[in-house]
Amino acid sequence: MANRRQFLKYSALGIGGMTIGLGACKYIDDFTEIKNNPGALNVNLTRTPTYCEICFWQCAGWVYKTKDGQIWKIVGNDDDQHSNGRFCPRGTGGVGMYNDEDRLKTPLIRTGERGEFKFREASWDEALDLVAENMKKIAAEHGPECIALLTHGSGGKFFGETLKAFGSDNIAAPSYAQCRGPREVAFTNTFGEGVGSPERIDIRDTKCLVLIGSHLGENMHNGQVQEMSAAIDKGASIITVDPRFSVAAGKSKFWLPIKPATDLALLLSWIHVIIYEDWYDKEYVEKYTYGFEFLKEHVKTMTPEWAYGKTTIQPDIIRKTAKEMVNAAPSVIIHPGRHVTWYGDDTQRMRAVAILNAILGSWGRRGGYYNPSKISVPNYPHPEYPTPTKTWRDAFPGKYNLVDETLASGICDATIPSIDRACNFKMWLVNGTNLINTLPDNAKTLRAIENLDFIAVVDTMPMEIVSYADVVLPECTYLERYDTLRVSPHRKPSIALRMPAVEPKYNTKPAWWMAKQLAEKLGIGHYIPYNTIEEMLDWQLKEAGTSLEEMQKVGVKNYERDWDDLFFTENEDVEFFTNTGKIELYSTAFAQEGFDPMPNYTEHPQPPEGFYRLNYGRAPMHTFSRTANNPNLTDLMSENVLWVNPKVASLWGLKEAQPVWLINQDGIVSTFPIKVRVTERIRWDSVYMVHGFGHNQKQLTRAYGKGASDTQLISHVMEDPIMGGTGMRGNFVSFLTEKPEEAVL
Ligand SMILES: Nc1nc2c(c(=O)[nH]1)N[C@H]1C(S)=C(S)[C@@H](COP(=O)(O)OP(=O)(O)OC[C@H]3O[C@@H](n4cnc5c(=O)[nH]c(N)nc54)[C@H](O)[C@@H]3O)O[C@H]1N2
Ligand SMILES: Nc1nc2c(c(=O)[nH]1)N[C@H]1C(S)=C(S)[C@@H](COP(=O)(O)OP(=O)(O)OC[C@H]3O[C@@H](n4cnc5c(=O)[nH]c(N)nc54)[C@H](O)[C@@H]3O)O[C@H]1N2
Ligand code: SF4
Ligand SMILES: [Mo]
């Protein structure tokens with residue numbers, strides 16, 4: 001059995017065989033030494049609190065500086081439930097974001113064509129005046145609702161407030177329709193509550209963790225990775241379902257190398273076995289659920305033999321793994337996943353995951369799903385926002401009734417004029433999301449951008465999306481600013497503070513300042529009635545029983561829960577927030593909306609002759625496309641590689657490290673080549689690459705032309721009819737060994 005130490009080392013090593021795991025250990029030694037002997041290095045042991053912005057786990061930590069005021073280290077805050085005092089390699093490398101000399105340095109106004117990256121420098125006043133002027137013009141001609149905010153990251157809250165005060169609440173993040181939307185809709189319509197972030201899963205006390213695609217160890221969401229290694233130490237078994245031998249698969253008792261796109265068949269057959277072998281939690285099902293008899297009838301014919309033909313997983317393995325979960329129940333977690341927009345039937349796949357958890361009785365149980373708690377911090381008092389007369393939903397009459405967040409891809413669709421749409425978006429304010437690399441179907445994103453009257457982009461780096469901006473507003477990095485308080489749900493309610501460790505470099509500003517200035521220029525400054533962010537945060541913190549002064553010292557404050565209700569007590573009567581008040585194995589809401597009330601397996605296309613399914617995922621030392629130019633992290637991994645099965649490599653005569661260009665089913669050719677990595681760790685019917693590389697923006701001097709972009713090759717989108725998620729895994733690629741004409745490098 002692997003131990004915790006080995007697991008953490010492996011997850012840090014990741015796919016490239018890097019040595020950052022050892023680097024991290026060395027750092028801890030250095031740090032202990034310095035703590036004991038502060039004079040040893042040029043280090044000033046005063047520290048300022050922050051929470052990390054390198055990914056959305058938002059670990060809280062401390063920024064230490066050298067005596068001459070340079071940032072020395074960022075380390076985890078011991079009181080923080082997200083990090084338990086340890087940062088992942090990306091968080092530790094966050095200082096590279098501050099030091100990156102390619103950063104945006106001053107406001108810019110477009111002088112060339114959109115996409116050309118031709119700008120002139122401007123003052124903040126001029127840049128923000130131009131944004132305000134265009135917002136007013138668009139509002140006068142089309143209504144303020146035709147302006148959308150596309151955002152991913154902390155600053156979105158401030159821009160959202162300005163936009164709402166102006167009369168539009170069309171605010172979308174790609175972390176919904178391109179990420180976790182299907183699981184939220186599925187769980188809400190099963191248990192009456194979503195999963196949320198951090199996920200409400202009690203991994204540390206689980207006895208069996210089932211990972212379906214969730215590649216923890218490469219997906220470095222800190223708390224989960226730590227809890228998984230703790231669970232392994234305590235003897236928990238891991239079952240990994242993945243067409244690729246992931247880091248997690250290497251730590252698993254069972255690895256099921258499933259044929260891609262067939263997971264729903266496996267899930268239904270597990271449900272079949274558990275019901276028909278009489279292994280389900282009868283008391284729990286009887287007391288808490290609705291529709292068990294329907295479900296039993298529904299899965300009657302979905303035997304392991306039926307699933308074998310679809311998934312290529314042997315029937316005895318399906319039975320054995322079902323038994324493994326049952327033996328652990330209710331301390332078992334079928335992980336809800338996070339980036340689950342795969343094949344367009346994702347909400348139904350996630351329903352099957354929810355149902356499997358329900359019949360094993362894991363929701364509300366130790367080692368299963370806990371009930372998170374969050375402190376409520378009021379917003380600074382402001383006049384009531386005007387009520388918008390239109391929303392993004394008007395562009396999709398009758399659709400997405402079960403969706404409770406805005407679809408970023410929906411905003412994009414509704415920006416392209418069509419005769420059957422009353423509402424078309426005319427302006428995007430884009431904050432912290434590189435939509436060119438983030439939304440699938442590049443051609444559509446560009447068509448939408450062409451149709452905009454105006455686009456303003458707030459970013460820290462000269463990313464692809466920046467080149468399409470009419471105005472560029474450079475934000476300072478998270479290490480140089482105050483931000484919203486981190487108030488996230490966890491086992492205990494908590495608050496974390498981010499404050500500037502250093503002054504903003506160059507002519508950059510924080511989002512809160514930009515949003516407030518913009519509101520003033522729009523004549524709606526009274527909606528943001530505080531003068532400084534310190535004043536606003538102090539007011540909020542006092543409402544929560546602390547203060548800015550205290551938080552500057554402690555960084556994180558944990559509160560006791562109001563109720564001892566982390567898990568259900570024995571035989572507790574529980575009312576679920578569903579139509580029936582029960583856990584709905586049969587979804588009444590889906591039935592009302594005309595969707596299958598219980599999930600059904602649908603066949604998805606397999607790759608045509610000579611093509612392979614394009615599979616993608618994460619690497620431990622990078623976050624999406626945002627870190628590809630970070631000097632500290634590119635040192636650890638500077639490009640992505642293409643995993644190719646040896647059988648396929650020999651068929652094509654491909655050699656290790658040989659550069660290839662990829663062509664997809666629609667004839668799209670990758671702009672840059674990617675190096676082949678020949679490995680048994682990927683099935684023969686797929687190839688795999690890490691998302692976030694293949695940048696074509698020359699201003700990113702380290703990232704330009706390094707590796708290939710998965711997004712460029714994801715031109716076919718399988719849309720989820722229930723929640724509008726953009727299924728991205730139905731694309732097939734073939735190899736070009738000679739440089740094609742379209743290629744740049
Ligand atoms: N092809 C493909 N597409 C995907 C995915 C995939 O795996 N493959 N993953 C999907 C998922 S799960 C998600 S959650 C989304 C993520 O989508 P995004 O969050 O859009 O991902 P990034 O590419 O990292 O873009 C982040 C942008 O924010 C900027 N930025 C970083 N820090 C700051 C800051 O402090 N302030 C401001 N203003 N800007 C900042 C970066 O420079 C970058 O331009 O992508 C989705 N799209
Ligand atoms: N280091 C790092 N960690 C991150 C991020 C990051 O950028 N960098 N981003 C964070 C975010 S926002 C998200 S959403 C998560 C995403 O991470 P997860 O939700 O954990 O994983 P996915 O992206 O859904 O899936 C990737 C895995 O699915 C497998 N897979 C592909 N096709 C199939 C299939 O048909 N069936 C099955 N069973 N498996 C399949 C792939 O081989 C790969 O191992 O990661 C988070 N953590
Ligand atoms: S998991 Fe890593 S990158 Fe994400 S917030 Fe935590 S330290 Fe930062
Ligand atoms: Mo995500």
Side-chain angles (χ1 to χ4, degrees), residues 14 53-57 88-90 97 103-104 150-156 159 173-180 197 211-222 224-225 240-249 256-263 266 335-343 349 408 430-440 457-466 473-478 481 483 510-511 514 604 613-629 643 682-683 686 688 690-692 709-714 726 728-729:
E53 185 83 4
I54 304 296
C55 90
F56 293 96
W57 201 254
C88 86
R90 298 167 298 153
M97 190 176 172
R103 278 173 62 175
L104 294 170
L150 293 146
T151 178
H152 199 194
S154 327
F159 291 112
S175 47
Y176 191 73
Q178 284 63 54
C179 180
R180 58 185 173 74
S197 177
L211 300 173
I212 303 174
S214 307
H215 54 332
L216 291 182
E218 286 151 297
N219 160 354
M220 282 304 282
H221 273 172
N222 198 346
Q224 295 193 61
V225 178
T240 295
V241 182
D242 200 311
R244 189 179 63 94
F245 188 76
S246 58
V247 168
L256 279 53
I258 195 166
K259 179 171 169 183
T262 65
D263 296 78
L266 174 67
H335 194 291
R338 188 157 175 130
H339 172 60
V340 288
T341 48
W342 297 356
Y343 302 110
R349 188 181 72 253
V430 180
N431 170 61
T433 171
N434 187 12
L435 295 172
I436 307 294
N437 278 25
T438 298
L439 294 178
V457 175
V458 186
D459 209 298
T460 53
M461 293 296 297
M463 292 282 180
E464 285 74 7
I465 186 67
V466 169
L473 305 171
E475 191 172 21
C476 54
T477 68
Y478 69 104
R481 66 186 196 229
D483 232 310
M514 290 182 231
H604 294 300
R613 188 180 295 274
L614 176 62
N615 181 2
Y616 56 82
R618 311 284 178 237
M621 54 298 271
H622 281 285
T623 301
F624 319 120
S625 72
R626 71 177 52 206
T627 54
N629 203 64
W643 293 33
I682 181 86
R683 281 176 58 107
S686 309
Y688 175 83
V690 168
H691 166 64
S709 157
D710 58 337
T711 315
Q712 186 182 19
L713 299 162
I714 302 179
T726 53
M728 305 186 194
R729 296 221 171 117

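In each ligand, atom 1 is the first atom listed, and ligand 1 is the first ligand listed.
When side chains are defined from C-beta on, His215 counts as touching Arg244, because their heavy atoms get closer than 4.5 Å. Two residues are said to be in side-chain contact when any heavy atoms from C-beta on lie closer than 4.5 Å; Arg481 and Glu475 meet this criterion. No side-chain heavy atom of Leu256 sits less than 4.5 Å from a side-chain heavy atom of Thr240. Side-chain contact between His622 and Met220 is absent, with no heavy-atom pair separated by less than 4.5 Å. By the 4.5 Å heavy-atom criterion applied to side chains, Val241 and Asp263 are counted as neighbours. Looking at heavy atoms from C-beta onward, Thr477 lies in side-chain contact with Arg103 at the 4.5 angstrom threshold.
If you number the atoms of ligand 1 from 1 as listed, the ones under 4.0 Å from a heavy atom of Met463 come out as 42 (O), 43 (C), 44 (O). Near Asp710, meaning under 4.0 Å from any of its heavy atoms, are these atoms of ligand 1: 1 (N), 2 (C), 8 (N). Using a 4.0 Å cut-off to heavy atoms of Thr711, the atoms of ligand 1 that qualify are 1 (N), 2 (C). Every atom of ligand 1 with a heavy atom of Thr460 under 4.0 Å away is listed here by number and element: 30 (N), 31 (C), 32 (N), 33 (C), 34 (C), 35 (O), 36 (N), 39 (N), 40 (C), 42 (O). Numbered from 1 in the order shown, with element, the atoms of ligand 1 that lie under 4.0 Å from a heavy atom of Val458 read 38 (N). Every atom of ligand 1 is numbered from 1 in the order shown, and the set under 4.0 Å from a heavy atom of Arg481 is 34 (C), 35 (O), 36 (N). The Asn437 neighbourhood of ligand 1 comprises atoms 3 (N), with distances under 4.0 Å to a heavy atom of that residue. Contact atoms of ligand 1 toward Thr438: 3 (N), 4 (C), 15 (C), 17 (O), 18 (P), 20 (O), 21 (O), 23 (O), 45 (O), 46 (C), 47 (N) (distance under 4.0 Å to a heavy atom of the residue).
Between Tyr616 and His339, the distance separating the two ring centers is shorter than 6.0 angstrom. Close placement of the His152 and Phe56 rings is indicated, their centers lying within 6.0 Å of each other.
Within the 4.0 Å heavy-atom cutoff, Gln712 does not count among the residues contacting ligand 1.
Here the rule is side-chain contact (heavy atoms from CB on, under 4.5 Å) with Val430, and of Leu473, Ile465, Val466 only Ile465 fits it. Only one option out of Thr438, Asn434, Thr711 pairs with Glu464 in a side chain to side chain donor-acceptor pair (under 3.5 Å); it is Asn434.
At under 3.5 Å, not a single nitrogen or oxygen of Glu53, backbone or side chain, sits near a nitrogen or oxygen of ligand 1. At under 3.5 Å, not a single nitrogen or oxygen of Thr477, backbone or side chain, sits near a nitrogen or oxygen of ligand 1.
Contacts between Asn434 and ligand 1 below 4.0 angstrom, taking non-hydrogen atoms only, involve backbone and side chain alike.
Under a 4.0 Å N-O distance rule, the pair Arg90/Glu53 does not qualify as a salt bridge.
Contacts of ligand 2 (protein heavy-atom distance under 4.0 Å) are Arg90, Cys179, Ile212, Gly213, Ser214, His215, Glu218, Asn219, Met220, His221, Val241, Asp242, Pro243, Arg244, Ile258, Pro260, Ala261, Asp263, Arg338, His339, Trp342, Tyr343, Asn615, Tyr616, Arg618, Ala619, Pro620, His622, Thr623, Phe624, Arg729.
With sequence neighbours excluded, no residue forms a ring-ring contact (aromatic ring centres under 6.0 Å, His included) with Tyr176.
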